[in-house]
Amino acid sequence: MTKIGKIRTIASIIKKEYEVIEIEGKMFAGKDAFLFPDNREDLRCLECLLIPDEWEWTERYIIKNADYGKSGDYKGKYLAVKGQEAIDKLEEVLSRHETGVLSLFDEKYPYTIPVNHAYKDGKLYLHCGKIGKKLTLIRKNPNACYCLYGNTEDVPKGVRSCHLEYESVLFYGQIRISDNPAEKEEAILELTNHYGTPYQHGFADMIEILVFDVDHATVRTGRFKPRSERKIYYIDFSE
């Protein structure tokens, strides 16, 4: 094991710092990575953190590029899956969920609130009233995160949901208040199609339409097992 340095998140609402080590040609990050091998469950492959503008180095001991092509006996927490397989998984999970939680920046604490959504081609369409805290915060800082999650099956009586398979999606990007009449009508149509409700022409004038332009998204599925490698589906909409 070689100590590589330390990194910190810069785009997350909750700031975190990680130690970075190298094991058999691959780099891993963890809160206490320098304690390896006593913290195997805490480590994640650094490739899973390679999201544009999400983190930065604070200390760098050994200057070298990570080689994620080498194989080794030790595996990290996640196996990154990209490309069309990741897009298909994203759309599959989205088709099963009707609500999510929107997270915005506030002065002291993150502000999160459950909302409805519709998704199309790298955009989330949301709606809200003409006044409210969401609009105030969006005008101050458009950077946002949107999360949806749930079990992949009905929870039987007497069984805890944490013991079942689950799925979740995290969207990262910028949210804006649309002032384009055509875009607002398109958003209303997408929302009504998603929820199977009647389309009402002119309804967009009564509400505000929020458009979440997605930078990137991650999808997780399955049941968490500390010593097992899991897939993380990563979609970069800027490519």
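Ion pairing of Arg96 with Glu167 is present here, as a side-chain N (NZ or NE/NH1/NH2) and a carboxylate O approach within less than 4.0 Å. Between Lys231 and Glu85 a salt bridge is recorded (basic side-chain N to carboxylate O distance below 4.0 Å).
For the atom pair Cys128 SG and Lys133 NZ, the distance stands at 14.0 Å (nearest 0.5 Å). Interatomic distance, CD1 of Ile188 versus CD1 of Ile207, reported as 3.5 Å (0.5 Å rounding).
You'll find the side chain of Leu124 stays beyond 4.5 Å of the side chain of Leu210, heavy atoms only. Between Leu94 and His117 there is a side-chain heavy-atom pair separated by less than 4.5 Å. A 4.5 Å side-chain heavy-atom check between Thr136 and Tyr111 finds every atom pair outside the cut-off.
Counting only distance, with no hydrogens or angles, the side chain of Asp106 and the backbone of Lys108 share no donor-acceptor pair below 3.5 Å. Without hydrogens or angle criteria, Asp32 side chain to Leu35 main chain gives no donor-acceptor distance under 3.5 Å. Within the 3.5 Å criterion, the main-chain N or O of Phe34 finds a donor-acceptor partner in the side chain of Glu19. Of the possible polar contacts, none joining the Tyr149 side chain to the Tyr166 backbone as a donor-acceptor pair under 3.5 Å is found.
In the hydrophobic clustering of this structure, Ile175 does not group with Val101; members are Ile, Leu, Val, Met, Phe, Trp, Tyr whose side-chain heavy atoms approach within less than 4.5 Å, directly or through other members.
Scanning both residues, Ala33 and Val20, for their nearest heavy atoms gives CB-N, 4.5 Å.
Atom CD of Glu107 has 12 or fewer neighbouring heavy atoms from other residues, nucleotides or ligands inside a 6.0 Å radius.
Ring planes of His216 and Tyr172: parallel class, angle under 30° (limits at 30 and 60°).
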